[in-house]
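Please read the structure below before turning to the comments.
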Amino acid sequence: MTDSINLTQDELAGLLEVLKHPDHQQGLEDRYLTVTAIEHRARKLTRISATISGDDPLNEWTLANPTVRVALPEPPEEFAAIPGVPKTTTRVYTLVEIDPATRTAQIDLVVHAEASPAMRWLAQLRIGDRIDIVGPRPHRTPGEGTPRVLLADSSALPAATRLLRTMPHVDETFVFAAVPEDEFAILQQEISALAEPITAFRVEPHGQYPLATAFAEFDLTTDASVWAAGEREDMREIRHRCKHHLGLLSEQTQVFGYWKYGMTNTRLDFARLRATQKGLAAGRAFTDTDDFEIEL
Ligand SMILES: Cc1cc2nc3c(=O)[nH]c(=O)nc-3n(C[C@H](O)[C@H](O)[C@H](O)COP(=O)(O)OP(=O)(O)OC[C@H]3O[C@@H](n4cnc5c(N)ncnc54)[C@H](O)[C@@H]3O)c2cc1C
């Protein structure tokens with residue numbers, strides 16, 4: 001049972017208003033995908049292939065790390081008691097592949113063990129279904145620096161593989177992937193198709209802070225660039241080492257929590273929205289809030 005969030009209807013409306021801020025809306029479009037295939041890439045990774053609505057050239061969509069917000073067909077449980085609640089729950093996913101010529105895109109979804117809006121939706125999804133999305137939002141890409149280190153769990157494997165394929169190569173690129181063996185095989189296959197050498201390490205995905213633990217043992221200089229995405233507390237540890245032990249600049253440290261153990265993304269989104277609302281009221285810019293400082 002998901003914990004409900006106590007808000008009045010007006011407070012909820014005020015929070016949703018934050019989403020209309022021009023800095024948030026920039027470059028975003030309402031579109032829909034039509035599912036053309038659903039395939040099991042690995043035991044716990046499902047690929048959805050789809051066509052993108054419209055007939056324009058999709059010039060803005062071929063980003064290094066494009067993400068979309070997917071509308072799932074159930075109201076957010078956390079807001080169930082509030083009148084006027086949105087009819088859909090939304091979740092963010094990476095477009096691991098996008099081809100403007102054929103107007104096709106792919107999303108790789110982690111099939112995790114929790115009962116959740118995305119897992120219920122995925123279980124019902126069929127070829128021909130329509131998926132409402134908002135996007136594309138460019139998500140984080142590695143900053144300048146050598147060596148370049150990418151750290152990803154299964155949820156960030158799509159982003160990491162896409163970054164390897166689309167960004168200019170940096171000599172000495174290392175990838176740490178906290179993923180099951182069958183997903184690591186996908187990563188190795190993708191790397192072998194690239195022209196330049198990349199060193200990949202598999203990290204056992206279980207236990208506390210798997211990526212941060214592996215990262216702590218990896219020697220790095222202050223010239224490094226670190227990109228990491230995955231479970232929020234694992235990411236917090238990585239960011240802590242980058243900032244406080246290695247002294248990397250914020251541009252060299254692109255670290256983001258994609259999900260959090262024991263907490264729904266609706267609740268994370270709510271906390272982010274509330275922090276942004278407070279920041280805007282205090283005269284700060286839309287993007288000024290440090291995600292790891294947000295009170296959950
Ligand atoms: C920028 C960005 C890009 C992302 N790209 C992808 C992507 O390409 N593929 C992908 O699969 N995910 C991706 N994610 C993560 C995805 O949005 C979250 O995992 C989301 O919480 C899934 O929603 P849900 O409804 O299944 O679970 P929620 O309702 O949010 O959570 C319910 C429960 O499930 C657990 N849970 C959620 N996600 C996971 C997980 N990955 N592993 C184990 N337990 C989990 C939570 O801890 C919670 O206890 C991305 C997130 C962001 C912010």
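Keep in mind that what you see is a predicted model, and the values were worked out from it rather than measured. Basis for what follows: all heavy atoms, side chains included, without hydrogens, waters or symmetry-related copies. Indexing begins at 1, ligand by ligand and atom by atom, following the structure's order. Start at 1 with the first residue, then count along the sequence.
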Nearest option to atom 31 (O) of ligand 1, as decided by whichever heavy atom of Leu95, Thr264, Leu122 sits closest: Thr264
Atom 38 (N) of ligand 1 [closest protein heavy-atom partner, distance rounded to 0.1 Å]: His112 CD2, 3.6 Å
Min side-chain heavy-atom separation Leu157-Phe184 under 4.5 Å: no
Carboxylate-amine/guanidinium contact Arg232 Asp291, below 4.0 Å: yes
Arg239 bridged to Asp290 by N-O distance under 4.0 Å: yes
Nearest neighbour in protein (non-hydrogen) for atom 30 (O) of ligand 1: Asn265 N, 2.7 Å
Shortest reach to atom 32 (C) of ligand 1 by a heavy atom, considering only Ala113, Pro76, Ser154, Ser116: Ser116
Protein heavy-atom partner closest to atom 48 (C) of ligand 1 - residue, atom, separation in Å: Met263 O, 3.5 Å
Asp269/Arg267 ion pair, N-O < 4.0 Å: no
Shortest heavy-atom approach to atom 33 (C) of ligand 1 - which of Arg120, Met119, Arg69, Glu114: Glu114
Any N or O of Gly257 closer than 3.5 Å to N or O of ligand 1: no
Distance-only N or O hit between ligand 1 and Asp108, under 3.5 Å: yes
Numbered atoms of ligand 1 (with element) below 4.0 Å of Lys260, judged on heavy atoms: 46 (C), 47 (O)
Protein heavy atom at shortest distance from atom 15 (C) of ligand 1: Tyr258 O, 3.7 Å
Atoms in ligand 1 flagged as close to Tyr261, the criterion being non-hydrogen separation under 4.0 Å: 47 (O)
Atom 44 (N) of ligand 1 [closest protein heavy-atom partner, distance rounded to 0.1 Å]: Trp259 CZ3, 3.4 Å
Residue Leu109 vicinity, atoms of ligand 1 by number, heavy atom under 4.0 Å: 11 (O)
Audit row: Leu15, Arg274, side-chain contact (heavy atoms from CB on, under 4.5 Å) steps and yes/no: CA-CA 7 Å; Leu15 276 178; Arg274 198 176 45 184; 4.3 Å; yes
Lys/Arg N to Asp/Glu carboxylate O, Arg47 vs Asp108, below 4.0 Å: yes
Pro158: numbered ligand 1 atoms lying under 4.0 Å from its heavy atoms: 8 (O)
Heteroatom proximity flag, Gly262 to ligand 1, N/O under 3.5 Å: yes
Salt-bridge present (Arg69, Asp132; N to O < 4.0 Å): no
Student check: side-chain heavy atoms of Met167 and Arg162 closer than 4.5 Å: no
Per atom 25 (O) of ligand 1, closest listed option by heavy atom (Arg232, Glu78, Arg91): Arg91
Any donor-acceptor N or O pair under 3.5 Å, side chains Ser49, Gln106: yes
Proximity to ligand 1 by part of Asp153, non-hydrogen separation under 4.0 Å: neither
Lys260 and Glu231 ion-paired at < 4.0 Å: no
Atom 16 (C) of ligand 1: the protein heavy-atom neighbour that sits closest, reported with distance to 0.1 Å: Val92 O, 3.7 Å
Proximal ligand 1 atoms for Val110, defined as those under 4.0 Å from one of its heavy atoms: 10 (C), 11 (O), 41 (N)
Charged N-O contact under 4.0 Å between Arg120 and Glu74: yes
Numbered atoms and elements of ligand 1 in range of His139, under 4.0 angstrom, heavy atoms: 1 (C)
Protein contact to atom 8 (O) of ligand 1 [nearest heavy atom, distance to 0.1 Å]: Thr94 N, 3.2 Å
Shortest protein heavy-atom distance from atom 6 (C) of ligand 1, along with the residue and atom involved: Ser155 O, 3.2 Å
Charged tip of Arg130 within 45° of Tyr32 ring normal and under 6.0 Å: yes
Glu97 bridged to Arg165 by N-O distance under 4.0 Å: yes
